[in-house]
Amino acid sequence: MEINLQKNYQPKDFEDRIYRAWEESGSFHAEADEDKKPFAIVMPPPNITGQLHMGHALDQTLQDALTRWKRMQGYSALWLPGTDHASIATELKVAEGIMASEGKTKEEIGREEFLKRAWEWKKEYGGRISRQMRKLGDSCDWARERFTMDDGCNRAVTEHFVNLYEKGWIYKGNRMINWCPSCGTSLSDIEVEHEDKNGLYWYFRYPGVDGEDVVVATSRPETMFADVAVAVHPKDGRYSGVVGKRVRIPLTDKEIPVVADLYPDPEKGTGAVKITPAHDANDFEVGERHGLEKPFCIDETGRMTALAGKYEGMDRMECRKAWVKELDAAGYLVKTEEKVIPVGTCYRCDTIIEPILSEQWFVKMDEMAKPAIRIAKEKALRHVPDRFEKTYLRWLEEIRDWCVSRQLWWGHRIPAYYCPACGQMTVSRDAPGFCPRCGHTGLRQDEDVLDTWFSSALWPFSTLGWPEKTKELAYFYPTDVLVTGYDIIFFWVVRMAFSGMEVMGDTPFRHVLVHGLVRDAEGRKMSKSLGNGIDPLEIIDGYGADALRFMLLIGASAGNDMRFQTDKLEGARNFANKLWNASRFVIMNLRDENGGFLEIADMGEEGWSAGNPALRDEDNWILSRMEDAIGEVTRHLDRFDLSLAAQRVFELTWGEFCDWYIELVKGRLYGEDEGSKAVARAVLLKTLGNILKLLHPFMPFITEEIWGYLPKPAWARQRDEGMLISASWPEVGADPGRETAAKRLERAMEAIRSIRNIRAEAEAAPSRRLAAAVLADAETAEALRAEEAHIKSLAGLSAVSYVEKREDAPAEAASAVISGAEIFIPLDELLDYKAEHERLGKEKARLEAEIARVGSKLENQSFVAKAPEAVVRAERDRLADYKEKLGKLAARLEQVKNKL
RNA sequence: GGGGGCAUAGCUCAGUUGGUUAGAGCGCUUGCUCGACAAGCAAGAGGUCAUAGGUUCGAAUCCCAUUGUCCCCACCA
């Protein structure tokens, strides 16, 4: 193999190539394999009209990391991708496109033609987002890619709809719904966003017909034409005289009754409320109670109806202005008041929603919500973090019937058919050829389509084959984890939960991993209107997919928002570069000049145990760090703490492997002892191999690329001989036998750090080799002697000597105290006793403070009695260590003082 | 009107079931062309963990209150 590793991490050199290799190898594909345990994630399907944004990047990176990890653990790991038809969003986009190119409205084009265009649109753009996912490195099973309007999903939707209808849980009814005049469709309650706007209250006098005038307040004067009553509270004394009398709608000849109802709050406004049943949910109920008419004055396009007389056809907001002006001129406007008014707006187009009375399809929710509540309470469905369970439950507990019909064309058409002759409605899986009641043919299908979320609610099982009884469904359902943002819990998670329970009788997923939003550097939400969005593809282009992924993973703690900052990204990129170069170092040291492999010790099964005498202290140390990291990373992943897992590998890679092990092992690699070199190579390879494995779920490209350059050692398991994506997840536990060796090395590290510190403080010329004298107890002396070569090379010493007594140590020297030893460095003319005195004094003060703290703790009898033994012992050891250090420090300080 | 999050180093944030000398990255200071890496190496400065109580042998961590801040839900004219 040609080895020509670039000096720097250059992701463009390999990302596309690696992805192709994965895809061609079939590694992404998961079967219902009875020899393996199943693991499944269904991907929240992005909109076909959409583009990959940072939210997707985070969402998908989390899913991909989990999938890759489980795949390596030997599960049949399925990550099922797909896209959503996004009824409203797509319809708006397609209509916009047609208008832009042909200047026609969708009505002018007609339903058939419009749908043809929409499918063309889907064909053109539907693939875009999946191409973008490949750039991110998503290891999803493309062979199982689905679309919410493909044949299988269509069948699932129809089947489910008909089942619910037959059960009586879907009904058609004339009720108050949210209407978006701009989109021209009804919306469900959660598709309405609530915001407070500064607005006006107008107080109007309704002249009495057979009694007194009544003043009412309203924020929507244009609805006045559809008033059918004025309501007052029965106990409101101010109005006791007018109840039962009539008033007239100003400037009209319409007379309406004053009714007594519990709805009006005497504290608010004037205590009298105008009642407009067709345009307000509360008023609707008042109207029902009093058997009132429900006339409309605003139509579905937001214009005034004939009821508004000369304002007919005028936009509702225009009418409001003109009507108020007219009323004012006529003396009916009593006063106006500035007030904050809560208004509902459309989540897609931001238009103010009109509550109107309309005949729509509804799903009855009370019974269906119950099992969904139960699974959360019984923990068959767990939220991570668990606080989101509250959000989930509260919504289900307050759930109201779900308006599922939309006056749109792009979507699943409601399977209800009407007889043109007798009007009979038939709900059926297939279009009936004739009316079951009168036998007439030519039945017309309902014009409306279903809410997008009706089909996505079925996603966890429709994608696995339902309503067919497929082996995939039996094997992968319930899925393991659903990954999504907290903003989607109401829209989607809840609906999948109750639908899953209704259809499958089991939770659709055992865990919901909830993440937050990716915000911009200032903490603002990324949005089109602010123009502060960051395109993941540009970032991948500039920094690499792995850098982006790692940055997202390490920066996102579960459920919390994160900020997207360039310096974080650079940090992740730098980490990739660090890994790249450490790997380059390893590879360079594994190969000879001809590109062949040098001898790597065959450690076999037993060779890795601490008992193998061929292993040096630094080998045991890095192996123990590696074993610790394997345990911790796995534990964090088990708990869905991806961020902590990533941090631990980061530390292993950079802080332990690069900063220490590579430096410690260089002496051996450049030395003459071939046997020792072969062992060093083995440890390098073993450790790097495991680092790549631990890192692969987070940074799949670079780890796979490096993996390809590594020789497959004799100890490799069969699975590890192919690509990293399907290699085995490391499982080694800690080897307690390494402790002694690791302790010796750590003692040496402490010495190295102290000496480096002295050097830096004294500004000793770095190139200058220094001699050190050590005054140590027997055990420490042994440890330091064993590690002397490392201490010399890493701390830049020419010689280390050992002395028995303080008096034998060089007098003219800087010194440092470590556990069990004192180190003296003669610095000649560079020695500054004043600085030395200050440095040691500071250290002494710190130790004294610690001794006081630990001492008082140990003097506390209840601490000693009640705290766990291990904690007490640790404190005692610490105290002894501090006291020993303090003793030396005090003695040394005395010496230094005399030099001043 | 309900519900929830957050408050830890100059900045952005970790801190897993209460026991560390409270951490990281960036920034800052100082010194480094030592045969993987200046996208780097080494040394260092920097925090009374928002405030006030409580529980406990022991609190950044658990409880209560307060302040600030952000978000979600809600049919109030």
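Convention: sequence-line order gives letters A, B, ...; per-chain numbering from 1.
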> Just checking A:Pro342: base, sugar-phosphate only, or nothing, at a heavy-atom cut-off of under 4.0 Å?
Replying inline: sugar-phosphate

> Taking atom C1' of B:rU21 as reference, at what distance in whole Å does atom CZ of A:Arg878 sit?
Replying inline: 7 Å

> Which heavy-atom pair separates A:Ile399 from A:Ala369 by the least distance, and what is that distance?
Replying inline: CG2-CB, 3.9 Å

>> At 4.0 Å (heavy atoms only), tell me whether A:Asn560 reaches a base, stays on the sugar-phosphate, or touches nothing.
In response: sugar-phosphate

> Rounded to the Å, how far apart are A:Asp265 CG and B:rA74 P?
Replying inline: 21 Å

>> Between A:Lys666 and A:Tyr486, which residue's closest nucleotide on RNA chain B lies nearer the 5′ terminus?
In response: A:Lys666

> What nucleic acid atoms does A:Phe490 come within less than 4.0 Å of, heavy atoms only: base, sugar-phosphate, or nothing?
Replying inline: sugar-phosphate

> If only side-chain N and O atoms of A:His194 are considered, is one of them under 4.0 Å from the OP1 or OP2 phosphate oxygen of B:rC72?
Replying inline: no

>> Give me the distance, rounded to whole Å, that separates B:rA9 from B:rG15 when you measure between the P atoms they each carry.
In response: 15 Å

> Over how many whole Å does the gap from A:Arg563 atom CZ to B:rG5 atom P extend?
Replying inline: 20 Å

> Atom CZ of A:Arg387 to atom C1' of B:rG5: distance rounded to whole Å?
Replying inline: 6 Å

> When rounded to the nearest Å, what value does the distance between C1' atoms of B:rG68 and B:rG46 take?
Replying inline: 25 Å

> Which comes earlier along RNA chain B counting from the 5' end, the contact point of A:Ile341 or that of A:Gly559, where each point is its nearest nucleotide?
Replying inline: A:Gly559

> Given the P atoms of B:rC71 and B:rG53, what is the spacing between them in whole Å?
Replying inline: 32 Å

> If the C1' atom of B:rG54 is compared with that of B:rG18, how far apart are they to the nearest Å?
Replying inline: 15 Å

> Counting any heavy atom closer than 4.0 Å, what does A:Arg573 reach on the DNA or RNA strands: base, sugar-phosphate only, or nothing?
Replying inline: base

>> With a 4.0 Å limit, can you tell me whether A:Lys568 has a side-chain N or O closer than that to the phosphate oxygens OP1/OP2 of B:rC11?
In response: no

> A:Asn577 side chain: which of B:rU16, B:rC57, B:rC37 is closest?
Replying inline: B:rC37

> Does A:Arg635 pair with A:Asp641 as a salt bridge, N-O distance under 4.0 Å?
Replying inline: no

>> Suppose we define a pair by two distances each less than 3.5 Å, Watson-Crick or G-U wobble; what does B:rU21 pair with here?
In response: none

> Within this structure, what is the CD1-to-P distance between A:Ile755 and B:rG31, rounded to whole angstrom?
Replying inline: 22 Å

>> If you compare every side-chain N and O of A:Ser643 against the phosphate oxygens of B:rA14 (OP1, OP2), does one of them come in below 4.0 Å?
In response: no

> Under a 3.5 Å cut-off for both distances, is B:rA36 Watson-Crick or wobble paired, and to whom?
Replying inline: none

>> So if I take every side-chain heavy atom of A:Glu761 and compare against B:rA43, B:rA14, B:rG3, which nucleotide ends up nearest?
In response: B:rA43

> Whole-Å distance between B:rA39 P and A:Trp654 CH2?
Replying inline: 11 Å

> Does OP1 or OP2 of B:rG40 have a side-chain N or O of A:Asn581 closer than 4.0 Å?
Replying inline: no

> Is A:Asp877 salt-bridged to A:Arg873, cutoff N-O under 4.0 Å?
Replying inline: no

> Side-chain contact, heavy-atom cut-off 4.5 Å: A:Lys294 with A:Val228?
Replying inline: no

> Would you say B:rA43 has OP1 or OP2 under 4.0 Å from some side-chain N or O of A:Arg756?
Replying inline: yes

>> Considering every strand and a 4.0 Å limit on heavy-atom distances, what is the contact class for A:Gly269: base, sugar-phosphate, or nothing?
In response: base

>> Using the P atom as the point on both nucleotides, what is the distance between B:rU8 and B:rG47, in whole Å?
In response: 15 Å

> A:Ile554 near the nucleic acid: base, sugar-phosphate alone, or nothing, with a heavy-atom cut-off under 4.0 Å?
Replying inline: nothing

>> Let's test this: given Watson-Crick or G-U wobble pairing with both distances under 3.5 Å, identify the partner of B:rG68.
In response: B:rC6

>> Between A:Cys297 and A:Met224, is there a side-chain heavy-atom distance shorter than 4.5 Å?
In response: no

>> Side chain of A:Arg639, heavy atoms from C-beta onward: which of B:rA14, B:rU16, B:rU20 has the nearest atom to it?
In response: B:rU16

> Any side-chain N or O of A:Asn860 less than 4.0 Å from the OP1 or OP2 oxygen of B:rG58?
Replying inline: no

> Does A:Arg876 pair with A:Glu869 as a salt bridge, N-O distance under 4.0 Å?
Replying inline: no

> For B:rA14, does either OP1 or OP2 sit under 4.0 Å from a side-chain N or O belonging to A:Arg648?
Replying inline: no

> So which nucleotide does B:rG1 pair with, by the Watson-Crick or G-U wobble rule with both distances under 3.5 Å?
Replying inline: B:rC73

> So what does A:Ala867 touch, heavy atoms closer than 4.0 Å: a base, only the sugar-phosphate, or nothing?
Replying inline: base

>> Can you check the distance between B:rC64 and B:rC73, where both ends of the measurement are the P atom (answer in whole Å)?
In response: 26 Å

> Hey, are A:Arg878 and A:Glu875 close enough for a salt bridge, meaning a charged N less than 4.0 Å from a carboxylate O?
Replying inline: yes

> With rounding to whole Å, what would you report as the distance between B:rC28 and B:rG4 at their P atoms?
Replying inline: 42 Å

> Using the P atom in both, what is the distance from B:rG10 to B:rG3, to the nearest Å?
Replying inline: 35 Å

> A:Phe575 has an atom CZ; how far is it from atom P of B:rA39, in whole Å?
Replying inline: 18 Å

> Between A:Tyr347 (OH) and B:rC72 (P), how many Å, whole number?
Replying inline: 16 Å

>> At 4.0 Å (heavy atoms only), tell me whether A:Arg753 reaches a base, stays on the sugar-phosphate, or touches nothing.
In response: sugar-phosphate

> Would you say B:rG4 has OP1 or OP2 under 4.0 Å from some side-chain N or O of A:Lys390?
Replying inline: yes

>> Nearest to the A:Arg853 side chain among B:rU21, B:rA36, B:rA43, which nucleotide is it?
In response: B:rU21

> Contact class for A:Asp641 (heavy atom, under 4.0 Å): base, sugar-phosphate, or nothing?
Replying inline: nothing

> So do A:Val384 and A:Val514 actually touch side chain to side chain, heavy atoms under 4.5 Å?
Replying inline: no

> Taking atom types as modelled and ignoring hydrogens, do the side chains of A:Asn589 and A:Tyr670 form a donor-acceptor contact shorter than 3.5 angstrom?
Replying inline: no

> Salt bridge or not for A:Arg846 and A:Glu850, using N-O below 4.0 Å?
Replying inline: no

>> So A:Tyr543, base contact, sugar-phosphate only, or nothing? Heavy-atom distance under 4.0 Å.
In response: nothing

> Closer than 4.0 Å, any side-chain N/O of A:Arg220 to the OP1 or OP2 of B:rA77?
Replying inline: no

> Among B:rC57, B:rC75, B:rA45, which is the nearest nucleotide to the side chain of A:Arg400?
Replying inline: B:rC75

>> Looking only at the side chain of A:Asn8 (C-beta and beyond, no hydrogens), which of the listed nucleotides B:rA39, B:rG3, B:rA42 gets closest?
In response: B:rA39

> Who is the Watson-Crick or G-U wobble partner of B:rC41, with both distances under 3.5 Å?
Replying inline: B:rG31

>> Considering every strand and a 4.0 Å limit on heavy-atom distances, what is the contact class for A:Gln647: base, sugar-phosphate, or nothing?
In response: sugar-phosphate

> With both distances under 3.5 Å as the test, what is the Watson-Crick or G-U wobble partner of B:rA52?
Replying inline: none

>> Tell me whether A:Tyr670 and B:rG35 count as stacked here, given that the ring centres must be under 5.5 Å apart and the planes must differ by less than 30 degrees.
In response: yes

